[in-house]
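All remarks here apply to the structure that follows.
Ligands are counted one by one from 1 in listed order, and the atoms in each one are counted from 1 as well.
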Amino acid sequence: MKKNKTYSILFSLFVMSLSINSTVAFAQTTVQKSTTTKEITKSKLTEILEKNRTAYTKGKVADYIPELGKMDAKAIAFSVVTEKGKVISVGDTNKKFTIQSISKLIALMVAVNEKGEKNVFDKMGYYGTDKPFNHFANLESGKPLNPLMNAGAILTTSLIEGEGEVGFQKILKMIRYITKNDLIDYSKSVYESEKETGHRNRGMFYIMKNSGLIEANDEEKLNNYFKQCSIEVTAEDLAKIGYFFAHQCTRFDGDTTYKNSEISTLVQSQMLIAGMYEYSGEYARRVGLPSKSGVGGGITVAVPNKMGIGVFNPSLDTHGNSVAGYQMILDLVNEYHLNLFE
Ligand code: DON
């Protein structure tokens, strides 16, 4: 009897040790999975792009800014800046499109660099949203929800110091720096089109002026917002922007002039909770990476401490996010296990 009990204790200990070992083995596999990324190849990017080439049929090119409606719905590009700063691009790599809301990341960076995070966020929230990007949410009785919806973005740009066009020039200069591309400029025709038809944005601007959040005597600060949205970029430029925020504001070639982990943490956290507007929650569930879209059809993605991704196709879903762009990101994320929460 006693002998039997001893055997049974020994057997239980053996089973326990097996289960502990398998837990350790499981933990090791998990750690390995999240720290190693297979090498990204041009042929894999091409394969993903080709798979999603016709996804544009499921969306619609934005035309609430009339000039945007002229974009070729079939134009498509996909770009990655790898962990080591190597740029890989496929598709219509030279195709330019307007950066639109993705410029809000750079405006936020410039404003926080100048004023400090506290002074900027005294005037707006860190909230996510269930509302579209151009919603007046909270404005009548309070402050903009966050710096990535239009209201908060218009306010952010207005906080950048300088008369007239100076605020816009600072944003342009920063985009040229991050992409190392001095040829980047804004499209006059898109700017004029935005200015002519941006009645909702003008409404937000005046409500915030009325409540004292915006101090301005004329519409120059609003015009700076319209101009920053009209800056023309390529998918490759967007991948470099994603890389920059993924690497504590270090440029893809290793330049550390603006290195600042506080800013990159702030910007990426806002991208995660509001970068895709009311779709941000579901997007975080599926892609699990800080991302920012623009109605020009671009999306930039930061894979923290790893890479930057830039996609482009101007056909948008009902939230204002590129349909094919989203699908390409999702396919890449699944292929290379990039989801932060996987
Ligand atoms: O102010 C606007 O409506 C546009 N210039 C920018 C909106 C935008 O890009 C929303 N993003 N998906």
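A donor-acceptor pair is defined here as one N or O able to donate and one able to accept, closer than 3.5 Å; such a pair exists between the side chain of S315 and the backbone of G59. At distances below 3.5 Å, at least one donor-acceptor pair connects side-chain atoms of Q268 with backbone N or O atoms of F245. Side-chain atoms of R251 come within 3.5 Å of backbone N or O of Y177 as a donor-acceptor pair. Using a distance-only test at 3.5 Å, with no hydrogens or angles considered, a donor-acceptor pair links the side chain of E114 to the main chain of E161. Distance alone, capped at 3.5 Å, places no donor-acceptor pair between the T93 side chain and the V90 backbone.
An N or O contact shorter than 3.5 Å links N201 to ligand 1 by distance. By the 3.5 Å distance cut-off applied to N or O atoms, H319 is not counted among the residues near ligand 1. Checking only distances, K104 never comes within under 3.5 Å of ligand 1, N or O to N or O.
A cation-pi arrangement, defined by a distance under 6.0 Å to the six-membered ring centre and an angle within 45 degrees of its axis, is present between K240 and F252.
The shell of residues lying under 4.0 angstrom from ligand 1, judged by heavy atoms, excludes N134.
Close approach of ligand 1 to C229 (heavy-atom distance below 4.0 Å) involves ligand atoms 5 (N). Of all atoms in ligand 1, numbered sequentially from 1 with element shown, those under 4.0 Å from a heavy atom of E194 are 5 (N). Each of the atoms 10 (C), 11 (N), 12 (N) of ligand 1 lies under 4.0 Å from some heavy atom of Y277.
Ring centers of Y186 and F168: under 6.0 Å apart, within the cut-off.
Of all the heavy atoms of V295, the ones lying under 4.0 Å from any atom of ligand 1 are found in both the backbone and the side chain. With a 4.0 Å cut-off on non-hydrogen atoms, S293 touches ligand 1 through its backbone as well as its side chain. If you look at F226 next to ligand 1, there are no close heavy atoms at all, none under 4.0 Å.
For the residues Q100, M204, K292, the heavy atom positioned nearest atom 5 (N) of ligand 1 is part of Q100. Taking all heavy atoms of S101, G320, A62 into account, the minimum distance to atom 8 (C) of ligand 1 is reached by S101.
The distance from the CD atom of E335 to the CG atom of L45 is 10.0 Å, given to the nearest 0.5 Å.
When only non-hydrogen protein atoms are considered, atom 1 (O) of ligand 1 lies nearest to Y225 OH, 2.7 Å. At the shortest separation from atom 3 (O) of ligand 1 among protein heavy atoms lies Y64 OH, 2.6 Å.
Shown here is E117, whose CD atom has more than 12 heavy atoms of other residues, nucleotides or ligands within 6.0 Å.
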